[in-house]
Amino acid sequence: MTYDPKTIEPKWQAFWDEKQTFKVEMEAGKPKIYVLDMFPYPSGAGLHVGHPEGYTATDIFCRYKRMRGVNVLHPMGWDAYGLPAERYAMRTGVHPAVTTKQNIDTFRSQIKRLGFSYDWSREISTTDPAYVKWTQWIFLKLYEKGLAYQTEAAVNWCPALSTVLANEEVKDGKYVETGDPVEKRYMKQWMLRITAYADRLLEDLDMLDWPEGVKAMQRNWIGRSEGAEVTFKIADSDKDFMVYTTRPDTLWGATYCVLAPEHALVKHITAPDRVADVESYKAKVAALSDHERTEDAKTKTGVFTGAYAVNPVNGAKIPVWIADYVLVSYGTGAIMAVPAHDQRDHDFARTFNLPIVQVVSAPEGFDVQAAAWDGDGKAMNSPLIDGLDVDAAKTKIIAWLEEKSLGKGRVQTRLRDWLFSRQRYWGEPFPLIHLNDGSIVPLPADSLPILPPELDDYRPTPDGQPPLARAQDWLNTKDPATGAPALRETNTMPQWAGSCWYYLRFIDPHNDKMLIDPEKEKYWMPVDLYVGGAEHAVLHLLYARFWHKVLYDIGVVSTKEPFQKLFNQGMILAFSYRDAQGRYFEPERVVSKDGKHIADDNVEVSQQIEKMSKSRFNVVNPDDVVDEFGADSMRLYEMFMGPLDVTKPWQTAGVAGVRRFIERAWRIVCNDDGVVIKDRIVDEAPDAAATRLMHTTVRIVTEDIEALRFNTAISRLMEFVNALTPMPLRPRICVENLILLMSPFTPHVAEELWEKLGHSETIAYALWPSFDPDLAKPAEREYAVQINGKMRHKVLADAELDAVALMTVVKADPKVAELLAGKTMVKEIAVPGRLVNFVVRD
RNA sequence: GCGGACGUGGCGAAACUGGUAGACGCAAGGGACUUAAAAUCCCUCGGGCUAUGCCCUUGCGGGUUCGAUUCCCGCCGUCCGCACCA
């Protein structure tokens, strides 16, 4: 039998399952590592090639760590609440739980076909009642701590679907899946006070080993800024309003103020003759979607209210306008406008002919009437602070404002509280009831979980209540403490809820007494390596950090942060082909000749690299790849494509290449009948060259795996195989080390060959090969000889020469003497282990 | 506009701390074996030239250096995130 993944892969998968090879328990004193994949949403479409990329990487890392004697926690589960199953239920009446179970079964079997070393005894789904119970328990803790509250909030309402959508489901004012328009509606919503943790979420980023880009995105999302709040009085009135500014040093340059159109003060200060204009502007702005409001951001619009504010630093009366470039949701919803030093204010002032007064010195020749100067400079036209640099001026003016009770220093964040409720069926219900007097009663922890009731119809009620309101028996309940009649909360939690803490439950998945056993938590936490797509850079990772910090504050967890190291795998794209009209062609119909791509022998098409999608005919299904090449080839190819973190295109021909490599490795051990070629695997020490290559390979593969550089590790394994193949007699130590090094990458074939070599135990816990750095060094090496930095010659010499000896040896080479003849030596440089460079003149 | 990543053969890529650019693989071409094909094995494979050698080449233009894919400055381009955040 030649190499046949179709028989050996199911064999070893069944073996690992039966023996529970990868089941793991806490072992005090044994080093641990917790390696986590971002668990998938089990969609109806099944796995795509992007999923196994990250899963293969973590699997290699885990298998390697086990062979080094580390206790490895490597679990998998399902983020199973979500909109698609609910939409499917609306169309077909099939309960989302049924759809979800089917999809989970599909995902599990697809994942198992790839031979990942998960501890399946820890599998969880966010929809399991035993899991929902603790998600709701965490909500009760949030509520107890005052971190959950209700408010009127704008939501994305999709009339076509008569439901609310999450922000992330809306792009450019449309539902991303169907393209139906989405509008804003105000509804009572549950919010989580994530802003209370803004400072800690920002500061603690510094202690994490995360990609800089992700940290930057989170910092940007939190958007901390330092400035001041300043009170402006309305002239000839007892009313006033506060503005937020990061440039209090420019107060003397404030020539007008702007309120957000929705600002509560607007209706109280608008002059009678301005009411019509103001009202019509407000109506116009309210009708715009967020997208429309920002798409033409450069053109400023607004109207004058007829009211004047008093500039607190100089008593100047300045007009108060309303304009949509001021957002009611940020800062105080009101600004002082300094057109000389803020480009937006400048644009507005030019449009409406408002004065521009310079109060910070700009570089020579810079005209603030033409453009705003927002850089550094000395304060001017500002009596209290003239001559000071921006920072000093800010400090001084803030102190002055505080002394006069006109304002105070203030830190502002862009981060908003988290809109936490959805008007959906397939999510965790809130464990709360509403009494007739309007009060809210949290349900006791021992009544959890509160599961969604059975329904025939998953749509919202005709009067716009969430679907849960259809279940009258469920809806009408009693206060467990007093017996008073009560209504259940009908909102459900967003999909993020379950994914905010799943990494904790994997540590203690079957505990029905508490969320997690503190002893186990202390042993396994934090997650040492977390691998997933960059699309979760902000939301999931920020939400989970927030919950984790709350759990830290109430003593449930012992670490400040959940995920110590984060790694984003790059997206896998694919080639697609389309003609001049933009029609896509299946890649099988396209041939390339003379650098052109021709479809159906007559249409010239262009080749591009794009995201996989059905409409582009470029989707690659992992099942097909496994069927054709085997799981080991699939795993190996995904890791060989390029660095783990970059975006890269799938090329099926490349899978054949790694499959050939596996076959060559197979033939080092077996003949074409699958019989071990005993007479060629000898118990003899390898010669010097083979020893060196073996130790070098072990060294580099080990280092590469530690650094998650799997593509170069695989190259090294290929070189090792290429060297072993032509050897008539192969030292057993080389062959066995090869199989050991390959086993994290291609575990099935490695188990099979390990067994054929006479081992009765699984390779999964075999000892990882060690290397001797001295034996990895070559005795001789080629040194480059450069003249004026250009490569001219090579000299073979002892690899360990120091600079002086190297120079002597090189100069003794007749060819070098010839090259240097007739030249004047300017400088000689010898770099041990590398090269010699002669700088010469003619 | 702000923030982040990146740009190397026909293609995916490699090059550790500034030291022989293109490892490894794909595709292509040639050869061996075969009645033939597949498979396998061997060879060639960045471009150019007046070819035992020489010149050019890591997006473009400068700079630092004995030496730059790597460091610095300025452009051009691609991808990702955020975006009227005061």
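Within the 3.5 Å criterion, the main-chain N or O of A:Gly407 finds no donor-acceptor partner in the side chain of A:Glu229. In terms of modelled atom types and a separation under 3.5 Å, the side chain of A:Arg635 and the main chain of A:Thr56 share no donor-acceptor contact. Within the 3.5 Å criterion, the main-chain N or O of A:Gln358 finds no donor-acceptor partner in the side chain of A:His341. Counting only distance, with no hydrogens or angles, the side chain of A:Asp347 and the backbone of A:Thr299 share no donor-acceptor pair below 3.5 Å. No donor-acceptor distance shorter than 3.5 angstrom exists from the side chain of A:Arg699 to the backbone of A:Phe771, with no hydrogens or angles considered.
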Test salt bridge (charged side-chain N to carboxylate O under 4.0 Å, His left out) applied to A:Asp206 and A:Arg219, step by step: CA-CA 11 Å; A:Asp206 293 339; A:Arg219 288 191 187 104; 3.2 Å; yes

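By the side chain to side chain donor-acceptor pair (under 3.5 Å) test, A:Thr246 is found to be paired with no residue, residues two or more places apart in sequence or in another chain being considered. Listed by chain and number, the residues in a ring pair (Phe, Tyr, Trp, His ring centres under 6.0 Å) with A:Tyr577 are A:His597 (sequence neighbours excluded). Scanning for ring pair (Phe, Tyr, Trp, His ring centres under 6.0 Å) contacts around A:Tyr281 gives an empty result, with sequence neighbours left out. The side chain to side chain donor-acceptor pair (under 3.5 Å) check on A:Ser329 picks up A:Arg416, with sequence neighbours excluded.
When the C1' atom is used for both B:U17 and B:C71, the distance is 12 Å, rounded to whole Å. The separation of B:G77 from B:C60, taken at their C1' atoms, amounts to 10 Å, rounded to a whole angstrom. Using atom C1' as the reference point in both B:U58 and B:G47, the two lie 14 Å apart (nearest Å). Atom C1' of B:U69 sits at a distance of 14 Å from the matching atom of B:A13, rounded to the whole Å. Taking atom C1' in both B:C43 and B:C33, the straight-line distance is 15 Å, to the nearest Å. Comparing B:C45 with B:A28, their C1' atoms are spaced 8 Å from each other, to the whole Å. Rounded to whole Å, the P atom of B:G46 lies 13 Å from the corresponding atom of B:G9. When the C1' atom is used for both B:U34 and B:G22, the distance is 36 Å, rounded to whole Å.
Atom CE of A:Met336 is separated from atom C1' of B:C84 by 17 Å (rounded to the nearest Å). When rounded to the nearest whole Å, the span between NE2 of A:His536 and P of B:G81 equals 13 Å. As rounded to whole Å, 17 Å separates atom C1' of B:C54 from atom NE2 of A:His793. Put simply, CG on A:Asn837 is 6 Å from C1' on B:G67, counting in whole angstrom units. To the nearest angstrom, C1' of B:G4 lies 12 Å from CZ of A:Arg219. Distance A:Gln607 CD to B:G10 P: 14 Å, rounded to the nearest Å. In this structure, A:Met641 places its CE atom 12 Å from P of B:A14, rounding to the nearest Å. When rounded to the nearest whole Å, the span between NZ of A:Lys648 and P of B:C80 equals 16 Å.
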Output one line per pair: protein atom, nucleotide atom from nucleotides 20-26 of chain B, and distance, for all N/O pairs under 3.5 Å.
| unit_1 | atom_1 | unit_2 | atom_2 | d |
| --- | --- | --- | --- | --- |
| B:U20 | O2 | A:Lys794 | NZ | 3.1 |
| B:U20 | O4 | A:Arg781 | NH2 | 3.2 |
| B:U20 | O4 | A:Glu782 | O | 2.8 |
| B:A23 | N1 | A:Ser715 | OG | 3.4 |
| B:G25 | OP1 | A:Asn722 | ND2 | 3.0 |
| B:C26 | OP1 | A:Arg660 | NE | 3.0 |
| B:C26 | OP1 | A:Arg660 | NH2 | 2.8 |

Any protein N or O atoms within reach of nucleotides 55-59 of chain B? Criterion: under 3.5 Å, listing atom names and distances.
| unit_1 | atom_1 | unit_2 | atom_2 | d |
| --- | --- | --- | --- | --- |
| B:C55 | OP1 | A:Arg792 | NH2 | 3.1 |
| B:C55 | OP2 | A:Arg792 | NH2 | 3.4 |
| B:C56 | OP2 | A:Lys790 | NZ | 3.4 |

Could you run down the sub-3.5 Å N/O contacts of the protein with nucleotides 31-36 of chain B?
none

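Comparing B:G12, B:C84, B:C41 against the side chain of A:Arg667 picks out B:C41 as the nearest. Closest to the A:Ala216 side chain, of the nucleotides B:C82, B:G3, B:A86, is B:G3.
Secondary structure note: stems in RNA chain B built from 3 or more consecutive Watson-Crick or G-U wobble pairs under 3.5 Å occupy B:1-7 with B:76-82, B:10-12 with B:24-26, B:28-32 with B:40-44, B:46-49 with B:53-56, B:59-63 with B:71-75.
For an aromatic pair to be called close, the ring centres must be under 6.0 Å apart, and A:Tyr256 with A:Phe348 satisfies this. Checked against a 6.0 Å centroid threshold, the rings of A:Trp321 and A:Phe352 count as neighbours. When ring centroids are compared, A:Phe567 and A:Trp210 stay outside the 6.0 Å threshold.
A:Pro643 comes within 4.0 angstrom of the backbone, heavy atoms only, and of no base. Using a 4.0 Å heavy-atom cutoff across all strands shown, A:Ser225 reaches sugar-phosphate atoms only and no base atom. A:Val839 comes within 4.0 angstrom of the backbone, heavy atoms only, and of no base.
Once rounded to the nearest 0.5 Å, the distance linking CD1 of A:Ile398 with NZ of A:Lys394 reads 7.5 Å.
Note on residues 248-259 of chain A: pairs passing salt bridge (charged side-chain N to carboxylate O under 4.0 Å, His left out), not counting sequence neighbours, are A:Arg247-A:Asp249. Residues in residues 642-661 of chain A take part in these salt bridge (charged side-chain N to carboxylate O under 4.0 Å, His left out) pairs, two or more places apart or across chains: A:Glu53-A:Lys648, A:Arg659-A:Glu663.
Toward the 5′ end of RNA chain B lies the nearest nucleotide of A:Lys815, the other residue of the pair A:Lys815 and A:Gly331 mapping further downstream. Nearest-nucleotide assignment on RNA chain B puts the 5′-proximal partner with A:Glu663, out of A:Glu663 and A:Thr245.
The side chain to side chain contact (heavy atoms under 4.5 Å, CB included) test with A:Val214 is passed by exactly one of A:Leu566, A:Leu208, A:Val538, A:Leu205: A:Leu566.
Base orientation for B:G9: syn, the chi torsion being within 90° of 0. For B:A51, the base adopts the syn conformation, since its glycosidic angle falls within 90 degrees of zero.
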Sugar-phosphate or base contact per nucleotide [nucleotides 43-52 of chain B; S, B, -; heavy atom under 4.0 Å]: ----------

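The side chain of A:Tyr244 places no N or O atom within less than 4.0 Å of a non-bridging phosphate oxygen (OP1 or OP2) of B:A86.
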With a 3.5 Å cut-off and sequence neighbours excluded, list the donor-acceptor pairs that the side chains of residues 789-797 of chain A form with protein atoms.
| unit_1 | atom_1 | unit_2 | atom_2 | d |
| --- | --- | --- | --- | --- |
| A:His793 | NE2 | A:Asp813 | OD1 | 3.3 |

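Looking at A:Arg224 and A:Asp199, a side-chain N of the basic residue comes within less than 4.0 Å of a carboxylate O on the acidic one, giving a salt bridge.
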